[in-house]
Amino acid sequence: MKIIIAGAGAMGSRFGLMLNQAKNDVILIDGWQEHVDEINKNGLRADFNGEEVIAKIPAYQQDKLSEVDFTADLVILFTKAMQLDAMLKSLQPMLSENTKVLCLLNGIGHEDTIKKYVPFENILLGNTMWTAGMEGPGRVKLFGTGSLDLQNLGEGQEEIAKEVVAVLSKADLHANFSTDIISSIYKKACVNGTMNGLCTLLNSNMADLGATSFADEMVKEIVLEFEAIANYEKVPFDREAILTQIKGCYNPETIGLHHPSMYQDLRINHRLTEIDYINGAIVRKGKEYGIATPYCSFLTQLIHTKEELLGVK
Ligand code: NAD
Ligand code: AOT
């Protein structure tokens with residue numbers, strides 16, 4: 001399959017590398033010039049489960065796409081949420097009427113942004129339990145395993161969505177066709193809506209946070225706010241399964257020692273966070289629906305305050 005990875009940071013590099021290894025025709029598009037240059041000069045370099053891997057994958061700067069000759073069957077969006085609109089704008093010359101666009105970003109409501117640029121029937125929504133980390137321009141660290149769920153938004157596009165599932169699974173990305181992707185997106189958003197903000201503010205990894213006597217109560221209150229919004233939107237929400245999944249994040253033998261991406265963004269790399277697309281999205285919906293969301297609101301305010309204190313723009 002001819003695949004564009006749009007946003008080739010940590011996660012885009014993982015997917016690009018694994019799809020390239022599975023013999024797909026892959027190109028990377030990114031806005032970080034130094035990263036693009038490094039990939040073109042020395043290849044995309046990865047510590048891939050402890051093994052040193054170098055993949056020769058063409059990379060293009062997103063503002064210089066007019067001369068790129070590549071008609072993609074599939075675009076996988078992997079920007080940060082606040083970069084999504086600009087990426088979709090840049091991608092316009094690369095999209096044909098048959099190009100499917102799969103969004104795997106964390107957060108809620110990205111379909112509203114994608115709909116401005118992509119016909120409804122071409123949109124696939126997903127979410128993923130894979131992880132990845134950037135080590136510097138052109139270099140990523142990939143370890144552990146993961147999975148992803150996806151579904152077509154447009155009616156009658158199930159076969160295409162299943163074809164994409166097959167291509168991703170052939171690359172060992174463990175993809176599943178979902179029959180209720182919005183529910184699955186809410187589930188992952190609850191993991192991010194609890195772990196990301198709390199670990200970032202409290203300067204802790206997930207295992208240490210989970211071991212405190214306050215974690216259960218804070219997590220439950222936040223999840224109840226996500227549930228109230230999901231209920232209003234008639235999105236199925238399995239509270240117990242979600243709380244169990246969050247508790248799984250405390251396990252130091254699996255991902256408990258991991259610092260969520262928001263922690264890496266704000267505390268390590270002094271970059272803006274995706275809080276407005278996670279807890280902030282719940283606050284906006286709560287205002288619209290007349291539902292109180294005090295925990296999400298306070299978390300969003302605290303993260304923005306920390307961004308300001310660190311002078312992050
Ligand atoms: P990322 O920050 O690694 O990359 C996103 C974009 O930011 C890329 O264009 C990248 O080139 C750019 N970027 C990264 N570091 C930069 C730097 N120092 N200077 C300038 N530009 C830089 O983001 P990601 O972790 O790949 O996440 C993409 C999406 O996937 C997000 O929505 C995220 O929440 C989600 N996600 C991430 C993980 C994870 O483990 N990283 C897991 C699941 C979902
Ligand atoms: C995560 N982490 O999504 C991934 O850090 O933003 C993140 C993130 C998979 C399972 C649990 C947490």
Side-chain angles (χ1 to χ4, degrees), residues 5-17 28-39 44 46 59-63 76-84 86-87 90-91 102-110 113 126-149 173-174 184-185 187-200 205-207 209-210 242 244-251 254-279 281 312-313:
I5 304 290
M11 291 297 282
S13 294
R14 170 186 278 289
F15 275 60
L17 187 74
L28 309 174
I29 294 178
D30 202 81
W32 185 12
Q33 187 69 53
E34 206 187 342
H35 183 50
V36 168
D37 291 344
E38 191 58 37
I39 294 171
L44 174 63
Y60 300 91
Q61 158 62 243
Q62 74 184 68
D63 297 327
I76 303 181
L77 298 168
F78 252 137
T79 61
K80 280 281 156 75
M82 47 284 188
Q83 304 165 326
L84 181 61
M87 175 59 83
S90 301
L91 279 174
L102 168 61
C103 177
L104 288 174
L105 277 65
N106 278 335
I108 294 174
H110 298 311
T113 307
N127 76 327
T128 180
M129 298 301 282
W130 284 100
T131 60
M134 287 296 305
E135 289 199 319
R139 188 169 169 83
V140 290
K141 183 165 186 168
L142 312 174
F143 63 93
T145 186
S147 62
L148 71 116
D149 291 343
L173 283 160
H174 308 148
S184 160
I185 286 172
K187 188 174 184 188
K188 178 74 194 288
C190 284
V191 175
N192 298 127
T194 51
M195 295 298 100
N196 291 24
L198 291 174
C199 288
T200 305
N205 63 30
M206 296 191 279
L209 173 71
I242 287 170
T244 301
Q245 177 157 7
I246 294 170
K247 284 210 168 120
C249 294
Y250 303 155
N251 183 350
T254 53
I255 51 171
L257 302 181
H258 170 79
H259 287 95
S261 59
M262 191 172 287
Y263 180 104
Q264 319 263 356
D265 288 337
L266 190 55
R267 286 198 174 262
I268 312 282
N269 298 315
H270 288 191
R271 298 173 69 208
L272 287 172
T273 71
E274 294 182 299
I275 195 78
D276 284 338
Y277 304 86
I278 306 170
N279 305 84
V312 176
K313 290 195 180 70

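When a residue number appears, it is its place in the shown sequence, counting from 1. Just follow the structure's listing: the first ligand is 1, and inside any ligand the first atom is 1.
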Shortest protein contact, [atom] (heavy atom only):
| atom | answer |
| --- | --- |
| atom 9 (C) of ligand 2 | M129 O, 3.5 Å |
| atom 4 (C) of ligand 2 | T131 CG2, 3.6 Å |
| atom 12 (C) of ligand 2 | V191 CG1, 4.0 Å |

Taking [X] for the side chain and [Y] for the main chain, is one N or O donor matched with an acceptor at less than 3.5 Å?
| X | Y | value |
| --- | --- | --- |
| E274 | A81 | yes |
| N196 | P260 | no |
| K188 | M129 | no |
| N279 | G193 | yes |
| H270 | V312 | no |
| S13 | A8 | yes |
| Q264 | N269 | no |
| R267 | M262 | no |
| Q62 | G31 | yes |

Can you tell me which portion of I255 lies within the under-4.0 Å heavy-atom range of ligand 2? Options are side chain, backbone, both, or neither.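 Side chain only; the backbone of I255 stays clear of ligand 2.
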Ligand 2 versus M262, non-hydrogen atoms closer than 4.0 Å: side chain, backbone, both, neither?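 Neither part.
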Close N or O approach ([X], ligand 2; < 3.5 Å):
| X | answer |
| --- | --- |
| N192 | yes |
| K188 | yes |
| N196 | yes |
| H259 | no |

Distance filter under 4.0 Å to S261 heavy atoms, resulting ligand 2 atoms: 5 (O), 6 (O), 7 (C)
Quick check on contacts: which atoms of ligand 2 are under 4.0 angstrom from a heavy atom of P260?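 What qualifies from ligand 2 is 5 (O).
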Working for side chain to side chain contact (heavy atoms under 4.5 Å, CB included), residues L104 and W130: CA-CA 10 Å; L104 288 174; W130 284 100; over 6 Å; no
Output, in order, the C-alpha distance, side-chain angles, deciding distance and verdict of side chain to side chain contact (heavy atoms under 4.5 Å, CB included) for L77 and L91. CA-CA 10 Å; L77 298 168; L91 279 174; 4.0 Å; yes
Give the protein residues with at least one non-hydrogen atom closer than 4.0 Å to an atom of ligand 1, ordered by chain and number.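 Ligand 1 pocket, heavy atoms under 4.0 Å: G9, A10, M11, D30, W32, H35, F78, T79, K80, Q83, L105, N106, W130, T131, A132, M134, K188, R271, E274.
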